[in-house]
There are 2 protein chains.
Amino acid sequence: MPNYYEPCQCGRVSEVLQRVGDKWSVLVIMMLGDEALRFNELRRRIGGISQRMLTLTLRTLERDGMVNRTVHPTVPPQVEYALTPLGRSLWEPVEALGKWAHQNLPNIDRARQAYDSANGVAASAHEAEEA
Amino acid sequence: MPNYYEPCQCGRVSEVLQRVGDKWSVLVIMMLGDEALRFNELRRRIGGISQRMLTLTLRTLERDGMVNRTVHPTVPPQVEYALTPLGRSLWEPVEALGKWAHQNLPNIDRARQAYDSANGVAASAHEAEEA
DNA sequence: CGGAATCCATATCGATACTG
DNA sequence: CAGTATCGATATGGATTCCG
């Protein structure tokens, strides 16, 4: 039996998992899969991310050794982001998970509908509670 | 080229990924790997989770078709939780990710130390800012 | 262009208390 | 035992503004 989630490092592993679960981190990793991208190009491709969050996400990924930040000292400034080998190695299990998610979205949707109709739709859509 | 993260379902997939990244959901799935567990037993094994969060996590996982909730109408009440086939199928890619996380924790730690010493430790430990 | 800083709304979560 | 309900602290994230 694998024991890499035993108490001692459980929190640490969980911490990494959370990064993967982070909405933007995964998208950034996906987008940078095979090419380096500039800040705003990355932002445009992801879509819906604020510049603040993209900055924060990139900083964290950079600190964790997932992405590489390269500044070209031009005018105007040009900054390129690319995956490091570590980042690329993360890409694979993430892709597997993405594949699973994509394949099972219908199952999840069906399960939700079944659950909601069994327990009352109003229970989950709790914005309908009156005064 | 796989396109399961194309714009249309990108958000949906991301949503599933977030569930995986959810601190407690993964731990619950791990704990329920091969056996059914009762509420408090599950809580004890996870450790550090409030009863509120365990309830919420289990409800969500149940709604998504990941876990099965079985109530034995005894006194006192006895409720058992177990993974559904869908939940078990999620276990595999999650395990792969957990394995990656465990293997690469040292790399991440080293990357962080390098980053911090390069950019100034005070920058990341920003609790030291004076009045 | 890329990013830092500030402000503010909301979401998340833990602690606590009460219930069938 | 297995929850539900409420409350308050904190984390998260968007919008905006300013700067090199």
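Predicted model, so just to flag it, every value in this text is computed and none were measured.
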Whole-Å distance, A:L54 CG to C:dC1 C1', equals 13 Å
Is the shortest side-chain N to carboxylate O distance from A:R19 to A:E15 below 4.0 Å? no
Would you mind telling me which of B:T60, B:D22, B:L58 makes a side chain to side chain contact (heavy atoms under 4.5 Å, CB included) with B:V28? B:L58
Reading DNA chain D from 5' to 3', where do the contacts with chain B start and stop? Cut-off is 4.0 Å to heavy atoms. D:dC1 to D:dT6
Does B:E80 or A:M53 map to a spot on DNA chain D nearer the 5' end, using the closest nucleotide for each? B:E80
Any side-chain N or O of A:Y81 less than 4.0 Å from the OP1 or OP2 oxygen of C:dC1? no
Length of the CG-C1' vector between A:L37 and C:dG2, whole Å: 15 Å
Measuring from B:N119:CG to A:E62:CD, what's the distance to the nearest 0.5 Å? 7.0 Å
What integer distance in Å separates B:Q51:CD from C:dT12:P? 18 Å
Within this structure, what is the CG-to-P distance between A:D22 and C:dT12, rounded to whole angstrom? 13 Å
First encountered from the 5' end of DNA chain C, between B:R52 and A:L58: A:L58
Reckon A:R59 touches a base, only the sugar-phosphate, or nothing at all at heavy-atom distances under 4.0 Å? sugar-phosphate
Indicate whether any N or O donor in one side chain lies under 3.5 Å from an N or O acceptor in the other, for A:R110 and A:N107. yes
Just the rounded figure in Å: distance from C1' of C:dG2 to CG of A:L56. 14 Å
I need the NE2-C1' distance between A:H72 and C:dC1, as an integer number of Å. 13 Å
Would you find more than 12 non-hydrogen atoms of other residues, nucleotides or ligands less than 6.0 Å from A:E41 atom CD? yes
Taking atom CD as the centre, does A:Q78 end up with more than 12 heavy-atom neighbours from other residues, nucleotides or ligands that are less than 6.0 angstrom away? yes
For B:R43, which contact category applies under a 4.0 Å heavy-atom criterion: base, sugar-phosphate, or nothing? nothing
Are B:Y115 and A:L32 connected into the same hydrophobic cluster when the rule is that any two of I, L, V, M, F, W, Y join if their side-chain heavy atoms are below 4.5 Å apart? no
